[in-house]
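Have a look at the structure below before the remarks.
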Amino acid sequence: MKYTSALCGSGKTHTVIRSIAKNKYKFKGRAILVQPKKQNLIESETALKSLGMTPQVIDEDHIPVDKHGKK
C-alpha cells in the first residue's frame, strides 16, 4: 500500500496513474485507487483508459453486480 500527501496540483494523481499503468503486469492488472471526490475518480478513469487499461469505478452510481444481477 502506498499513501501520498502533497499540495493540490503537485501531480499526485498523474504520478500514481503512470505508476499503475507502468506496473500493470506486476499487479496482474489490479490496483485500487481511492480518491476523495467523484470527479477525481472519473478523471482517473479517463486517464487510465487512455493508457490502455480497463478501470472500474465503484461509487454510489457505479456499484458492481454479479452475473445474477445482485449487488
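Side-chain atoms are counted along with the backbone in the values below, which use heavy atoms only and exclude waters and symmetry mates. Residue numbers count from 1 along this sequence. Everything quoted here is computed from the prediction, not taken from an experiment.
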> In the hydrophobic cluster built from side-chain contacts under 4.5 Å, what are the other members alongside Val57?
Replying inline: Leu41
> Under the salt bridge (Lys or Arg N to Asp or Glu O under 4.0 Å) test, which residues partner Lys49, sequence neighbours left out?
Replying inline: Glu45
>> Same cluster or not: Leu51 versus Leu33, using hydrophobic residues (I, L, V, M, F, W, Y) connected whenever any side-chain heavy atoms lie under 4.5 Å apart?
In response: yes
Could you list the donor-acceptor pairs under 3.5 angstrom formed by side chains in residues 14-29, with sequence neighbours left out?
from	atom 1	to	atom 2	distance (Å)
Thr15	OG1	Gly11	O	2.8
Asn23	ND2	Ser19	O	2.9

> Do you know the tightest heavy-atom contact between Ala47 and Ser50?
Replying inline: O-OG, 2.6 Å
> Can you list the residues that meet the side-chain hydrogen bond (donor to acceptor under 3.5 Å, both in side chains) rule with Gln39, with sequence neighbours excluded?
Replying inline: Glu43
>> Restricting to side-chain hydrogen bond (donor to acceptor under 3.5 Å, both in side chains), what partner residues turn up for Asn40, sequence neighbours left out?
In response: none
> In the hydrophobic clustering (ILVMFWY, side-chain contacts below 4.5 Å, transitive), which residues join Ile32, or is it alone?
Replying inline: Val34
> Would a distance-only check, ignoring hydrogens and angles, find a side-chain to backbone donor-acceptor pair under 3.5 Å from Lys12 to Ala6?
Replying inline: yes
>> Please report the interatomic distance CD(Gln35) to CD1(Ile42), rounded to the nearest 0.5 Å.
In response: 10.0 Å
